[in-house]
Amino acid sequence: VQLQASGGGLVQAGGYLRLSCATSGGTFSGYVMGWFRQGPGNEREFVAAIARSGGLTSYADSVKGRFTISRDNAKNTVYLQMNSLKPEDTAAYYCAADRSNYYSGNYRRAQSNYDYWGQGTQVTVSS
């Protein structure tokens, strides 16, 4: 399974970006999908996750109300709409996929519970 993240860039504080993660080589509708990020000098952290059908979503407290995760199973793509961006959102953003159907908010926050990872796409928010 290959995951290709895109959509990163440089944006001013208060702006917005939409990240995409296209998958290939597997059955996209069979994966729980997640977004993680790693900022300068920080460990990689959970951002958001979405269940197979899209009916369940989870967010880190730091992005709740500003970011929205969604998926289009027909296009094999998961999205992360990021609004009201802050300088502290600056990071490399990674998408991940998990074959397990198990879904709970805490379970989805753990990186070890994902089977496949894409390369990062850099988001830089200037003040």
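It should be emphasised that the depicted structure is a prediction, and the values quoted were computed from it without experimental measurement.
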Aromatic plane relationship, F67 with Y93 - under 30° parallel, 30 to 60° tilted, over 60° perpendicular: tilted
In residues 79-87, what donor-acceptor pairs under 3.5 Å come from side-chain atoms, sequence neighbours left out?
{"from": "Q81", "atom 1": "NE2", "to": "N83", "atom 2": "OD1", "distance (Å)": "2.9"}

Do [X] and [Y] make a side-chain contact, defined as non-hydrogen atoms from C-beta onward lying under 4.5 Å apart?
X    : Y    : answer
V125 : E88  : no
M33  : Y114 : no
V11  : Y16  : no
F28  : D72  : no
Y116 : C95  : no
R37  : F46  : no
W35  : C21  : yes
T121 : L19  : yes

Between atom [atom1] of [X] and atom [atom2] of [Y], what is the distance when rounded to the nearest 0.5 Å?
X    : Y   : atom1 : atom2 : answer
D89  : S62 : CG    : OG    : 7.0 Å
R109 : E45 : CZ    : CD    : 11.0 Å
L3   : T23 : CG    : OG1   : 6.0 Å
N113 : R99 : CG    : CZ    : 12.5 Å
K64  : T57 : NZ    : OG1   : 9.5 Å

Path from V123 to W117 over hydrophobic side-chain contacts below 4.5 Å: no
ILVMFWY cluster, Y59 and V32 together (side-chain gap under 4.5 Å): no
Short side-chain to backbone donor-acceptor contact, [X] and [Y], under 3.5 Å:
X    : Y   : answer
Q119 : A5  : yes
S53  : G55 : yes
T77  : K75 : yes
Y103 : A49 : yes

Shortest non-hydrogen separation from S100 to R108 and the atoms involved: O-NH2, 3.6 Å
Intermediate values then yes/no, side chain to side chain donor-acceptor pair (under 3.5 Å), N101 and R52: CA-CA 7 Å; N101 193 34; R52 290 177 173 180; 3.3 Å; yes
Q122/T90 under side chain to side chain contact (heavy atoms under 4.5 Å, CB included): CA gap, chis, key distance, verdict: CA-CA 8 Å; Q122 180 66 37; T90 295; 4.0 Å; yes
Stepwise side chain to side chain donor-acceptor pair (under 3.5 Å) check, R71 with N73: CA-CA 6 Å; R71 65 190 296 160; N73 286 349; 2.8 Å; yes
Aromatic ring proximity Y94/F36, centre distance under 6.0 Å: no
Ring center gap for Y102 and Y107 short of 6.0 angstrom: yes
